[in-house]
Amino acid sequence: MWKALQDRLPTLEGLSKRNIHVESLTCKLCWEGTENSEHLLTSCYVASIVWDFVSQWCGIPNIYTFSVRDLVKVHKKAFNNKQKNKGVQAISCTAALVYLEI
Ligand SMILES: [Zn+2]
């Protein structure tokens, strides 16, 4: 998540910014947006499916965020219980790691 916040993920846009040739910047998961950290974790259709599963599993309202910065803070207001919020944080970070390995 730290790398996503810094926009340091090896996304197609990130590779392109480092002068690595890529055929297209279009997200290969949804074919609708530019593949960058923000898109992959917040606005990509596949991300919305992942966050729906995470929110259902954790028993919290659906996760809708518009930035990685907002996504990182989702767990802070999930419950009025620090231990439960740490659980939500662990689950969402793990889900993001697994999802980004796709
Ligand atoms: Zn996408």
Side-chain angles (χ1 to χ4, degrees):
M1 290 302 263
W2 178 82
K3 279 190 168 188
L5 278 170
Q6 304 298 316
D7 198 23
R8 294 283 191 193
L9 295 176
T11 60
L12 292 174
E13 185 179 69
L15 295 173
S16 178
K17 285 180 179 176
R18 294 179 191 111
N19 295 321
I20 296 172
H21 176 73
V22 293
E23 291 295 324
S24 165
L25 298 180
T26 304
C27 175
K28 302 299 184 271
L29 297 176
C30 68
W31 300 97
E32 289 186 2
T34 298
E35 189 194 282
N36 54 35
S37 301
E38 211 71 49
H39 173 78
L40 283 176
L41 287 168
T42 63
S43 59
C44 185
Y45 173 71
V46 179
S48 69
I49 294 170
V50 170
W51 299 127
D52 282 349
F53 278 118
V54 168
S55 60
Q56 286 176 20
W57 192 36
C58 293
I60 61 175
N62 286 349
I63 298 171
Y64 296 110
T65 61
F66 297 101
S67 71
V68 175
R69 197 161 300 283
D70 290 342
L71 184 62
V72 172
K73 296 176 186 172
V74 160
H75 72 281
K76 291 184 177 181
K77 295 179 180 175
F79 296 101
N80 285 331
N81 178 309
K82 282 187 177 181
Q83 202 66 21
K84 285 184 175 181
N85 288 348
K86 282 186 178 182
V88 172
Q89 181 185 28
I91 290 168
S92 54
C93 284
T94 303
L97 279 172
V98 171
Y99 166 58
L100 292 172
E101 290 293 321
I102 294 175

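Just the heavy atoms: all of them, side chains too, but no hydrogens, waters or symmetry mates, feed the values below. Just follow the structure's listing: the first ligand is 1, and inside any ligand the first atom is 1.
- The distance from the CG atom of Leu40 to the CG atom of Leu29 is 6.5 Å, given to the nearest 0.5 Å.
- In this structure the side chain of Phe79 reaches within 4.5 angstrom of the side chain of Val88, judged on heavy atoms.
- Protein N/O/S atoms closer than 2.8 Å to the Zn ion (ligand 1): Cys27 SG, Cys30 SG, His39 NE2, Cys44 SG.
- How far NE2 of His75 is from NZ of Lys86: 9.0 Å, rounded to the nearest 0.5 Å.
- Side chains of Leu100 and Leu41 form a contact here, defined as non-hydrogen atoms less than 4.5 Å apart.
- Looking only at side-chain heavy atoms (C-beta outward), Cys58 and Phe53 stay at 4.5 Å or farther from each other.
- The heavy-atom pair separating Trp51 from Ala96 by the smallest distance is CH2-CB, 4.0 Å.
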